[in-house]
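Below is a structure I'd like to ask you about.
A note on names: the letters A, B, ... follow the listed sequences, proteins ahead of strands, and every chain is numbered from 1.
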Amino acid sequence: MALLEIRNVVRRFADFTAVDGVSLQVEAGEFFTLLGPSGCGKTTLLRMIAGFDAPDEGELLLDGQSLRGIPPEHRPIHTVFQSYALFPHLTVAENVAFPLRMAKVAPDDIRRRVQDALEAVHLSEKQRHLPHELSGGQKQRVALARGLVNRPRLLLLDEPLGALDAKLREEMQMELINLQKNVGITFVFVTHSQAEALALSHRIAVMNRGHVEQLDEPSRLYSFPRNRFVADFIGKINMLEAAVLRSTAEALVLDVAGVGEVWAPALPAVAAGQRGMFAVRPEQVRIQSGEVAPAGVGHNQVHGRVLDFLYIGDVTTYLVELANGTRLEALLPNTAPGRAKFFEADDPVTLTWSSQVGVFLDA
Amino acid sequence: MRDFQTSGGLLRALHPATLTRWLVSGPPTAFMLLFFLAPSLIMVLASFRFPGAFGGLAPLIGAGRAGEDTGLTLENYQFFFSDWLYAEIFVKSLVVALVSTLTCLVMAYPLALLIARSPKRHRDLMVLLVILPFASNFLIRVYALMILLGPQQALASAVNGLLALFGVAPVNLLFSTFAVIVGMVYVHLPFMVLPLYTNLEKHDPSLLDAAQDLGANGWQRFWRVTFPLSLPGIFSGSALVFIPVLGMFAIPDLLGGTRDILIGNLIKDQFLGTRDWPFGSMLSIMLTLVVLGLAGFAARLGRRDRNEET
Amino acid sequence: MRRSPLLWAVALAVYAFLYIPLVVVVLYSFNDSRLNAEWVGFTLHWYRVLLNDGEMLEAGANSLLIAFVSATFATLLGTMSGIAMHRFKLRALPLLVITPVAMPEILLGVSLLIFFVQVLNFTLGLFSVLIAHITFCVGFVAIVVRARLAGMDESIFEASRDLGASPWQTFRLITFPLILPGVIAGALMAFTLSIDDFVITFFTAGVGVHTLPLQIYSMIKIAVTPEVNAVSTLLMTLTLGMIIVASRFAPDALKGAA
């Protein structure tokens, strides 16, 4: 049985439907992420799990028990808020002790468990400080310790890294992964940052307009997006209009606008004649100088001219225009020292990619 | 599904939150309905009534004494518009309020600006020094002015000495419109300083650097940057001075002469002097209308101001 | 340069304008003369007169009693209003509570006079003054408490529920300690407003009760004696003392009030 089950949950507000029939299951011990742009319904869903909001339709179950009508304080679920929500009049130790006091834990136990929790987030020496004396990263740790100290069944994290600067965010990501592994508590994490989601999660539900668009492991989500929204939202991707020429058990042969015949990984559900999009990631497209001779069946290839390039340090992105005006992006790692680019604008180039990469999207 | 929906709605209506909401907002609402709204509405009613046989107001409930008229009448309003005297007093009150407000503004602005531009550690003390006199009873402050403006004081001697040089007959500083305005300004000055300071303190100093960098001199920086940004503070400070001054009767009573009667004095006399309560109620309604009109005007100005900002 | 000498000059003149009259009152309270005209010599005579003035002392006691009782009730109702106005989307309550603060005092005074005498058939006195003072103080407390709540992160109240506190525990352990400085500031404001009030008391006191401001008013209106200087000086010392005590024990409260 799943730890948390969400069944056909709908939540309507006056002028829009925030969550529109979401069903999913979170397994015990999982690091589960709800990913989507702002307004996609992920925060509303989180608030319903925490108990601050109730679904108009559908059901939320924890360990198979319905959560209907149970107020937040009686759910074994804690939240790490985006603003941390530390009580400004209580010290760090008192903040962490709060859930234990509410649960009527014996004072001696409280003291010991608060120490343990603060040690786990490396904040033992700050326990007598007030929240306003802490840095953003330290507040974050206190909020985590407070949420974990009485071992909830589920810890909800609402964009907890959003307020931190880039370097600190990366540090905290590492810490979060380790913390979750060590305490073994199930995390449900909400974010709009695909990089954060990919780095942290065991599984990700990509949400859009109140729906779950795709629920998968990070690597599958990245490599095999199910539709245009997911493909576009996660990472950078080239999208070209395409029609299916042949669909076999081994491969999919497409007619891609401006490229011609393209071989792609097989998709049994797709039939010849279907129209849609062919999507391929820039780092899967190789770029070579001049016009290279065709490589044969199973290799996709197209000629074009370099239109522009962007040097980012570790890689350079080239924007290539094909003969019919279609534009494609290709990525080249800068492995050689002191070289910002291999091609100049207007250089003729050939783009190639394997028939094992790319995906056909019918919607 | 339908069933769930209705039961969900019901659950929400009977939720403890709804109960809390009533428990928290109920008592103050009931108290203010009884002791603020009800008296205000009764005053409106009273303004359409006749006075009682022994002054005051004819009984609102039940039959009156013999000879008492308990019907409704427009007489009070007709009387107000039939005599220029009342309109004149309203206009005079508005002029006194306007002059007092402008004087407060002219005095408060430099002070507020200075405080806002002082080092942070000095600001609280400078503000406290403005509020401190305001903590003493306003009658004491009026009384202090009575002493200072009195005929035997140095101030009066100095002014009259100066006037004598120009061959002008000596004047009485106390019991004059001048004294009334000085009193109004003295008592209400902090109400102008505080909102102005709160506004000016929030200005980003780099705006002035930017203006200077772009070639604005000192005056231009003030008129083109500081002043327009401080308009909300000016509006709220002006409202805080203008409205109380308009209804004030104690200051004209103590500092003014016999001809310095303002709306407040007129209303006070109807209630405690001549005891014509319906006429007094009518005057109070007129004052309310003037205040509401001004508040509406200020709100529109404020809105326009905000629209211009965005 | 941005604090030009001109600015300083005007500011100093304004400070002088604020303080010189009050200094004169204090000085004359020690002046051995019936007239507030020129300095004759030092005396404590006017303070002795004051201490033997039974009416004045009674008025003082009345003022303290009224201020204490009305501040207590106004703080209770005002705190409830402030919380209600912040927490729930209410239309009527803000209007009911804030309007009396924004209108000229005389309007509330005369409408309550009509209401007490004509509708409730009260004899004007202590009770009518108390009701009137509570009515105009509630709004001030509500404004301070609401401002205090508005400056707070909403999610801390949800965090408290989330971590296992009931609504009542959340109020007791989180909301109340956090709004307490605002409540204290509001209570101090209500107390000073009540003890200082002249206009509304003037209309609602009748002949039943005398307060200090009413007593001072009739003294300076009818017969000015330097006893007024003495009582003024004492009152100013008292308020100054209260402000110092407040800034010592509740520095936040003073900030909340400003």
Side-chain angles (χ1 to χ4, degrees), chain A residues 14 43 46-53 70-91 94-105 110 117 130-132 139 142-160 163, chain C residues 75 79 82-84 86-91 141 144-188 246-258:
Chain A
T43 299
L46 197 77
R47 291 176 60 79
M48 288 192 284
I49 301 172
F52 298 120
D53 202 351
I70 299 177
E73 64 266 31
H74 293 143
R75 298 185 181 198
I77 298 172
H78 291 338
T79 307
V80 174
F81 290 81
Q82 186 169 13
S83 62
Y84 316 133
L86 300 181
F87 306 127
H89 59 307
L90 302 181
T91 63
E94 286 167 341
N95 260 285
V96 177
F98 190 87
L100 298 172
R101 279 178 64 199
M102 292 302 106
K104 303 215 160 46
V105 174
I110 292 183
L130 284 171
H132 70 87
K139 284 181 192 167
V142 178
L144 274 170
R146 190 178 69 172
L148 288 169
V149 70
N150 70 339
R151 304 196 57 84
R153 300 282 292 145
L154 201 58
L155 187 73
L156 310 177
L157 302 103
D158 185 7
E159 304 254 3
Chain C
T75 304
T79 304
I83 294 172
H86 176 77
R87 183 75 60 82
F88 314 116
K89 299 234 176 307
L90 300 171
R91 285 239 186 101
V141 181
V144 178
V145 170
R146 184 175 61 172
R148 178 93 196 158
L149 277 167
M152 256 177 252
D153 174 12
E154 267 319 289
S155 55
I156 56 173
F157 307 112
E158 287 188 345
S160 160
R161 298 288 302 278
D162 186 74
L163 296 167
S166 68
W168 171 244
Q169 282 174 314
T170 300
F171 179 78
R172 198 164 52 84
L173 298 171
I174 309 295
T175 316
F176 188 70
L178 286 175
I179 61 170
L180 191 59
V183 173
I184 293 174
L188 285 175
S247 64
R248 262 285 174 76
F249 290 100
D252 277 4
L254 276 184
K255 267 186 202 135

_Looking at every non-hydrogen atom in both residues, tell me the closest pair between C:Leu178 and A:Pro88 and how far apart they are._
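The answer is CD2-CG, 3.6 Å.
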*asked:* Among residues at least two apart in sequence or on other chains, which ones pass ring-ring contact (aromatic ring centres under 6.0 Å, His included) with A:Phe81?
replied: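 By the ring-ring contact (aromatic ring centres under 6.0 Å, His included) rule, A:Phe81 matches no residue at all.
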*asked:* Looking at every non-hydrogen atom in both residues, tell me the closest pair between A:Met102 and C:Gly164 and how far apart they are.
replied: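 Looking at all heavy atoms of both residues, the shortest contact is CB-O, 3.6 Å.
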*Going by heavy atoms in the side chains, are C:Leu173 and A:Phe87 under 4.5 Å from each other?*
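Of all side-chain heavy-atom pairs linking A:Phe87 with C:Leu173, none is under 4.5 Å.
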*Shortest non-hydrogen contact from A:Leu86 toward C:Ile156*: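 For A:Leu86 and C:Ile156, the tightest heavy-atom pair comes out as O-CG2, 3.4 Å.
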*Below 4.5 Å from any heavy atom of chain C, which atoms of A:Leu156 appear? Answer side chain, backbone, both or neither.*
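No part of A:Leu156 comes within 4.5 Å of chain C.
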*With a 4.5 angstrom heavy-atom cut-off, could you sort out which part of A:Leu100 is near chain C: side chain, backbone, both or neither?*
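It is neither, since no heavy atom gets under 4.5 Å.
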Enumerate, including both backbone and side-chain atoms, all donor-acceptor pairs under 3.5 Å from chain C to chain A.
residue: C:Asp153; atom: OD2; partner: A:Ser83; partner atom: OG; Å: 2.5
residue: C:Ser155; atom: OG; partner: A:Ser83; partner atom: OG; Å: 2.7
residue: C:Glu158; atom: OE1; partner: A:Arg47; partner atom: NH1; Å: 2.9
residue: C:Glu158; atom: OE2; partner: A:Arg47; partner atom: NH1; Å: 3.1
residue: C:Glu158; atom: OE2; partner: A:Arg47; partner atom: NH2; Å: 2.6
residue: C:Arg161; atom: O; partner: A:Glu73; partner atom: N; Å: 3.3
residue: C:Arg161; atom: NE; partner: A:Glu73; partner atom: OE1; Å: 2.7
residue: C:Arg161; atom: NH2; partner: A:Glu73; partner atom: OE1; Å: 2.8
residue: C:Arg161; atom: NH2; partner: A:Glu73; partner atom: OE2; Å: 3.4
residue: C:Asp162; atom: O; partner: A:His78; partner atom: ND1; Å: 2.9
residue: C:Asp162; atom: OD1; partner: A:Thr79; partner atom: OG1; Å: 2.8
residue: C:Asp162; atom: OD2; partner: A:Thr79; partner atom: N; Å: 2.4
residue: C:Asp162; atom: OD2; partner: A:Thr79; partner atom: OG1; Å: 3.4
residue: C:Leu173; atom: O; partner: A:His89; partner atom: NE2; Å: 2.9

*With sequence neighbours excluded, give me every salt bridge (Lys or Arg N to Asp or Glu O under 4.0 Å) pair touching residues 78-90 of chain A.*
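Non-adjacent pairs meeting salt bridge (Lys or Arg N to Asp or Glu O under 4.0 Å): zero.
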